[in-house]
Each structure stands twice: as structure tokens, then as C-alpha cells.
There are 2 protein chains.
Amino acid sequence: MDKRKAILEAAVELIGAKGYTHTSMQQIADSVGISKGSLYSFFPSKEDLIISIYEHYQQLVFERAFVIGLNDLPPYERFAKQFQVQFEGILEYKSYMKMHMRGETAQSSEKLESMAHRMRGRLFSWLERNLLDLYGDQISPYKWDLMWMTQSIYTSYTGLMISTESTIGPEELGQHIVRQIDILANDFLSGNSHPLLDDEMMRPFSVGMDREGAFTSFGKREEAWKAVYDKVHSLNGDYYLDVIDRISEESRKSKPDELVMKGLFQLLKEEVELKAEAEALEEQLLP
Amino acid sequence: MDKRKAILEAAVELIGAKGYTHTSMQQIADSVGISKGSLYSFFPSKEDLIISIYEHYQQLVFERAFVIGLNDLPPYERFAKQFQVQFEGILEYKSYMKMHMRGETAQSSEKLESMAHRMRGRLFSWLERNLLDLYGDQISPYKWDLMWMTQSIYTSYTGLMISTESTIGPEELGQHIVRQIDILANDFLSGNSHPLLDDEMMRPFSVGMDREGAFTSFGKREEAWKAVYDKVHSLNGDYYLDVIDRISEESRKSKPDELVMKGLFQLLKEEVELKAEAEALEEQLLP
DNA sequence: GAACTTCTTGACTCACTAGTCATTTTACTT
DNA sequence: AAGTAAAATGACTAGTGAGTCAAGAAGTTC
């Protein structure tokens with residue numbers, strides 16, 4: 001089976017528990033049940049391993065939010081739902097998040113630096129997109145303050161979720177966060193508070209954003225999702241939208257029911273217009 | 001010359017820049033201009049060194065807020081001012097904060113763990129005290145949510161301050177944060193939002209708080225400050241209060257004017273009742 | 001089943017660093 | 001100036017861990 005994936009998982013587990021520097025390649029190899037030499041045939045260095053970990057898990061966590069972004073809930077609900085599914089993802093990949101929160105990595109290199117920058121950029125452009133959808137252009141002068149506070153609240157609740165055993169429900173938490181943002185945003189919009197941050201100061205955090213939005217071109221799966229959603233939207237009628245939303249829901253489960261998925265895809269494929277896109281996505285989700 | 005202090009400063013600088021594991025005792029020794037053997041005569045191990053660093057700088061940053069807590073500004077202004085002086089402190093000890101933010105330390109030991117717990121407890125009990133002073137007991141059900149969000153906003157703005165060159169003014173920032181807390185608190189109090197966190201979940205974060213408040217018994221200097229402020233408050237009249245506030249202001253400067261300080265202390269010492277306390281504090285501040 | 005290719009292994013090298021301690025240097029005393 | 005106590009030094013020990021590679025195992029082909 002997928003040995004590469006097994007390595008990533010074992011590494012995340014160990015690094016999450018003991019930290020990057022206190023986890024040796026030997027221990028990772030032992031934990032997967034292979035030799036150090038083998039390990040090095042998959043990842044040419046420890047640094048490459050940690051980068052691959054980040055890329056792998058980031059993809060998993062963000063993809064959820066991306067897919068939610070495609071359906072057409074009203075902005076407020078969609079934002080909350082996106083938080084929710086990310087929190088669900090985080091609960092599922094707890095040890096990845098533990099690792100991430102420790103923050104300790106290799107001596108920062110070019111590669112690592114640019115990856116961190118991309119990750120941050122992705123988060124911020126997602127937040128920006130949502131703020132603009134919610135409040136329109138009038139929010140622009142306050143967007144950095146809002147994004148900054150949102151990001152910090154988001155991060156710290158994430159930390160809370162993974163460190164305490166008594167799970168806070170992802171749904172509640174998503175709604176909570178959006179509500180707090182809304183309160184702060186309205187206060188800004190009513191002119192009571194003044195912003196502290198501006199484009200100039202935040203330049204290091206603003207990544208050249210894709211016109212398309214926050215989540216473009218991050219993987220074949222995401223493209224396949226987008227293609228299906230776009231097609232579904234072009235045909236009107238809610239039926240296929242319900243089907244694809246149901247597929248999205250099922251695919252987020254930790255053990256999606258393969259038969260249910262197959263059946264749902266069958267429904268999509270009945271429509272000739274959708275056939276190609278549906279098959280492409282099915283290919284991605286059921287290998 | 002205080003060699004111990006020189007070591008702490010050099011170590012903070014190096015660890016802040018390169019991280020704990022990538023800074024060797026040899027490099028620290030070289031940077032101070034002493035030998036490794038000497039270094040080990042001050043700090044019996046690397047772990048002891050990092051703990052001493054934390055104790056030293058935590059003291060410096062928090063002491064400022066402690067002293068502000070003693071004067072009698074109205075709660076809202078006092079809270080903002082406390083944030084402000086902490087931010088000023090943070091700017092002054094930037095590399096300490098960089099080090100702290102990296103978060104990476106030795107394999108967590110008993111000692112380190114308990115120090116981290118104490119630090120967190122100190123921050124939270126300070127926040128709690130201020131929330132109670134501002135809103136009274138009615139805020140209790142919402143205090144954890146507010147404290148949690150405050151702490152996360154505080155931490156993330158701190159990170160922003162040390163990472164961007166364009167300094168955000170500590171005064172503005174202090175006011176900004178208190179204003180945001182106020183908005184969120186009022187929303188809770190008006191019953192629009194429901195709290196998410198409770199005592200049960202937050203047990204790991206609540207430290208057995210001193211009855212006295214958040215900042216007690218953290219050092220001789222703080223006790224001396226408290227003694228003077230208490231005496232000044234017992235005598236009434238604003239004169240001595242103005243003097244001691246002025247002393248507090250001067251002492252926060254990076255290079256306090258020694259003559260000004262001496263003169264101000266002279267003014268206090270004119271009052272027989274204050275003489276002993278004033279001398280004790282002067283002893284602490286002008287060694 | 002022999003010849004050949006690909007994968008896997010773990011002993012080995014090399015670089016690094018926390019912590020020690022016999023020896024030397026400096027500071028102080030008489 | 002000699003003697004003694006205290007402080008500073010840096011070569012040394014012992015341990016760790018990233019990354020390599022020659023030799024061996026497993027799989028494939030004819």
C-alpha cells in the first residue's frame with residue numbers, strides 16, 4: 001500500500017508528540033517498520049519530509065473549505081460552515097495540528113520559508129474573500145484588522161480544540177467565530193472604531209492573490225470539484241446541486257461509504273451534460 | 001559588570017535569531033566573550049539557562065503592568081494603559097519576545113512545564129481581574145471566552161509588533177485591544193451571544209489565583225512598589241500620588257534619568273510617613 | 001533456474017554539542 | 001615578592017543523529 005502516506009502519518013504522529021528536533025529519522029523509520037535507507041528513498045532529507053507533511057495535510061484541511069465554498073449557501077452561513085468543516089478536519093488530523101502548533105521546524109530555509117508564506121497567503125485570501133462577500137467593498141479599510149483578529153481567534157480556538165479533551169463542537173465553534181467577526185465588523189462599519197493596520201504594514205502577509213479567489217489550483221481534486229459544481233450551476237434546478245452537496249458531505253466523513261458514493265455519482269452521470277465532469281471527480285475520490 | 005545579565009542578553013539574542021536547538025552553549029559563550037566552562041559556572045545546564053531567561057524577562061515585562069495596576073486610573077483606562085506599557089516593554093525586549101514566540105525549547109521537563117503554567121496563570125489572572133473590575137460579577141459566565149479571545153488577540157498583535165518594522169504605537173494598540181474586548185463583552189452582556197467555554201474546560205488554564213490579585217509576590221521590587229503606593233493611598237491628597245506616578249513613568253524609560261529619580265525620591269522622603277518605603281524602593285531601582 | 005534489475009537494509013562516516021575537569025591565569029593577601 | 005585562593009579556560013568525553021553506500025534480498029524476465 002501507500003508507504004509514502006504511512007511514513008507521513010507516522011512522522012506526524014511522532015513529531016506532533018515530541019517535536020521536530022527530538023524525533024530522529026531512525027525513529028520514524030522504526031515506527032513505519034522500514035529501514036532508514038528506505039525512508040531516505042522516499043524523502044531525500046528530513047527537511048523534505050517535513051515540507052511534504054505540510055503540503056499533504058494542508059491540502060486535506062483546506063480542500064474541505066474549498067468544496068464548501070463552491071455550493072451556494074448565503075455568505076454568512078457559508079463562512080460559518082467553512083470554519084466548521086475545517087474544525088472537523090482539524091479534529092481528524094489532530095496530531096498534524098499538534099505538530100503545526102509546536103511550530104518548531106528545521107533551521108528555516110528558503111523552501112520552508114516560502115511554504116509558510118504560501119500557507120499564510122492562502123488563509124488570508126480566504127478570509128478576505130469571505131469578508132468581501134459578507135460586507136462588500138465598504139469593509140476594505142478595516143479588512144486587515146478584521147482578518148488579523150479573525151486569524152488569531154481562529155488559531156487559538158484551534159489550539160484549544162486539540163489540547164482539551166472535552167471537544168467543543170465544530171459547528172458551534174464555526175458559528176461563534178463568525179458571530180464575533182460580525183460584531184467587530186459592524187462596529188468598524190458604524191464608524192466607532194478606527195483601523196490600526198493597513199496595506200503598507202501588511203505587505204509581508206499579502207500574497208499575490210489569484211483573481212479566481214483563494215483556493216485555485218491547489219490540486220487535481222479541487223479542480224475536479226470545481227468543474228462539477230460549475231456545470232451543476234450552469235444547468236439550473238436544485239436537484240443536481242442537492243446530489244453534489246450530498247457527495248461533498250459524504251466525502252468529508254472519515255470513512256465515506258463507497259456504495260453510497262457510487263450511487264450518488266450514478267445519479268449525476270444520468271445527465272449527459274454532467275457525465276464527463278462527474279467521472280473525473282469520481283476518479284479522484286474513489287481510486 | 002553584571003556578567004550573568006550579559007549572558008542572558010547574549011543568549012536571548014542568539015536563541016531569538018536561530019532557535020534553542022540551533023544555538024550551542026559554545027556560541028553563547030563566544031558571543032559574551034567567555035569560555036564554556038565559565039558559562040557553566042553561572043548556569044548549570046542549558047535548560048537552567050533558558051528557564052532563567054524566561055524568569056528574568058517575564059519579570060521585566062510584567063512588572064510594568066503591575067506598577068500601573070497600583071495607581072488609581074479608572075478601570076478602562078488602566079486596562080488600556082497596562083496593555084500599553086506591556087507593549088512598550090515588548091518593543092524594548094524584542095529579541096526575548098522573538099525567542100518566546102518561536103516557542104521551541106528543550107524537551108519539556110517538569111521545571112519548564114511548571115514555569116509555562118505559572119506564566120499562563122499570571123496572564124489569565126491579570127485578565128480576569130481586569131474584566132471583573134470593568135464589568136463586575138455579571139461578566140463571570142462569559143469571562144473565559146473573553147479572556148481566551150483577548151489573549152489570542154494580544155498574542156497575535158504582539159507577534160505583529162515584533163515582526164514588522166513599521167511600529168504600531170503601543171498606546172493606540174492598547175486602546176484598540178481594550179475597545180475590541182469592550183465590544184465583545186457588551187455583546188455577551190446584552191445576551192446576543194452565548195459563551196462557549198466554561199470553568200470545566202478551562203481547568204488546565206486556571207491557576208490557583210492569589211486572593212491578592214494577579215501580580216503578587218513576584219519579586220522584591222514589586223513589593224517595594226506596592227508598599228509605597230499603599231502608603232501614598234493611605235495619606236490622602238494627590239501630591240504624593242503624582243510624584244510616585246512620575247517615578248513610575250521615569251523608571252519605565254530605557255535610560256531613566258538618575259538625577260530626576262533621585263530628586264523625585266527626595267520629594268517623597270520629605271514626608272516622614274513615607275520615608276522608609278521610599279528608601280526601600282529607591283534601593284531597588286537605583287542600586 | 002539463471003541472469004538481471006530493483007528494492008531494502010543497517011553498519012558506517014562525519015559533524016555537532018552538552019557537560020566535565022585538570023591545568024593555567026588572575027586577583028588578593030601578607 | 002611569595003603564597004594562596006578564586007576564577008577562567010579549552011581539550012576531552014560521551015552521546016546523538018543526519019545522511020551514505022556496499023552488500024544482500026526480492027522480484028522479474030526469458
Side-chain angles (χ1 to χ4, degrees), chain A residues 1-56 99 102-113 115, chain B residues 1-56 99 102-113 115:
Chain A
M1 305 93 311
D2 196 348
K3 212 172 274 183
R4 199 188 130 92
K5 209 173 143 201
I7 295 171
L8 292 174
E9 277 166 19
V12 144
E13 203 65 47
L14 288 168
I15 298 176
K18 314 191 303 172
Y20 180 81
T21 35
H22 295 105
T23 303
S24 70
M25 292 297 262
Q26 187 63 64
Q27 287 166 339
I28 295 170
D30 290 350
S31 151
V32 191
I34 59 173
S35 69
K36 199 146 69 110
S38 253
L39 178 50
Y40 272 93
S41 76
F42 286 93
F43 302 96
S45 74
K46 201 180 178 185
E47 196 196 327
D48 278 275
L49 173 55
I50 192 90
I51 289 177
S52 300
I53 289 174
Y54 271 108
E55 272 161 1
H56 179 72
M99 184 196 93
R102 281 175 156 271
E104 169 220 6
T105 53
Q107 200 142 20
S108 47
S109 67
E110 193 76 350
K111 266 196 214 164
L112 255 157
E113 216 71 69
M115 193 203 53
Chain B
M1 355 201 75
D2 194 346
K3 210 170 278 183
R4 199 188 130 92
K5 211 175 142 196
I7 295 171
L8 291 175
E9 278 167 18
V12 146
E13 203 64 47
L14 288 169
I15 298 176
K18 314 192 301 170
Y20 180 81
T21 34
H22 295 104
T23 303
S24 69
M25 292 299 262
Q26 187 63 65
Q27 288 166 338
I28 295 169
D30 289 350
S31 151
V32 190
I34 60 173
S35 70
K36 200 145 69 111
S38 255
L39 178 50
Y40 273 94
S41 77
F42 286 93
F43 302 96
S45 75
K46 201 180 178 185
E47 197 194 330
D48 278 274
L49 173 56
I50 192 89
I51 289 177
S52 300
I53 289 174
Y54 271 108
E55 272 162 2
H56 179 73
M99 184 195 94
R102 279 176 156 271
E104 170 220 5
T105 53
Q107 199 141 21
S108 47
S109 67
E110 192 77 352
K111 266 194 212 165
L112 255 157
E113 216 71 71
M115 194 203 54

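So that the names make sense, note that chain A is the first sequence line, chain B the second, and so on, each numbered from 1.
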Distance test, side-chain N/O of B:Ser38 to OP1/OP2 of D:dA7, below 4.0 Å: no
Spacing of B:Asp30 atom CG and B:Gln27 atom CD [to the nearest 0.5 Å]: 7.5 Å
Side-chain (B:Lys46) to main-chain (B:Tyr20) donor-acceptor, under 3.5 angstrom: yes
Sugar-phosphate only, base, or nothing, as touched by B:Ser45 at under 4.0 Å among non-hydrogen atoms: sugar-phosphate
Spacing between B:Phe43 atom CZ and C:dT20 atom P, to the nearest angstrom: 16 Å
Minimum-distance nucleotide to A:Ser24 side chain [options: D:dA18, C:dT9, D:dA8]: D:dA18
Value in whole Å for how far the P atom of D:dA18 lies from CZ of A:Phe42: 18 Å
Considering all heavy atoms, the nearest A:Gly19-A:Arg102 contact: CA-NH1, 3.4 Å
Interatomic distance where NE2 belongs to A:His22 and C1' belongs to C:dT17 [whole Å]: 13 Å
Residue A:Tyr40, side-chain atoms from C-beta onward, closest of D:dG19, C:dT8, C:dG19: D:dG19
N/O (side chain, B:Lys3) to phosphate O (OP1/OP2, D:dA8) under 4.0 Å: yes
Spacing between B:Met25 atom CE and D:dA8 atom C1', to the nearest angstrom: 15 Å
Length of the line joining B:Leu39:CG and C:dT17:P, which is rounded to integer Å: 14 Å
Touch class at under 4.0 angstrom, heavy-atom based, for B:Thr23 against every strand present: sugar-phosphate
Protein-nucleotide distance (B:Ile34, atom CD1; C:dT26, atom P), rounded to Å: 16 Å
Heavy-atom side-chain proximity of B:Met25 to B:Leu49 below 4.5 angstrom: yes
Short side-chain N/O contact from A:Lys46 to OP1 or OP2 of D:dA18, under 4.0 Å: yes
Among B:Asp2, B:Ile53, B:Leu39, the one residue meeting side chain to side chain contact (heavy atoms under 4.5 Å, CB included) with B:Ile7: B:Leu39
Length of the line joining B:Leu49:CG and C:dG19:P, which is rounded to integer Å: 10 Å
Interatomic distance, B:Gln26 CD vs C:dT20 P [rounded to whole Å]: 15 Å
Listed nucleotide nearest any side-chain atom of A:Lys36, set D:dG19, C:dT8, C:dA18: D:dG19
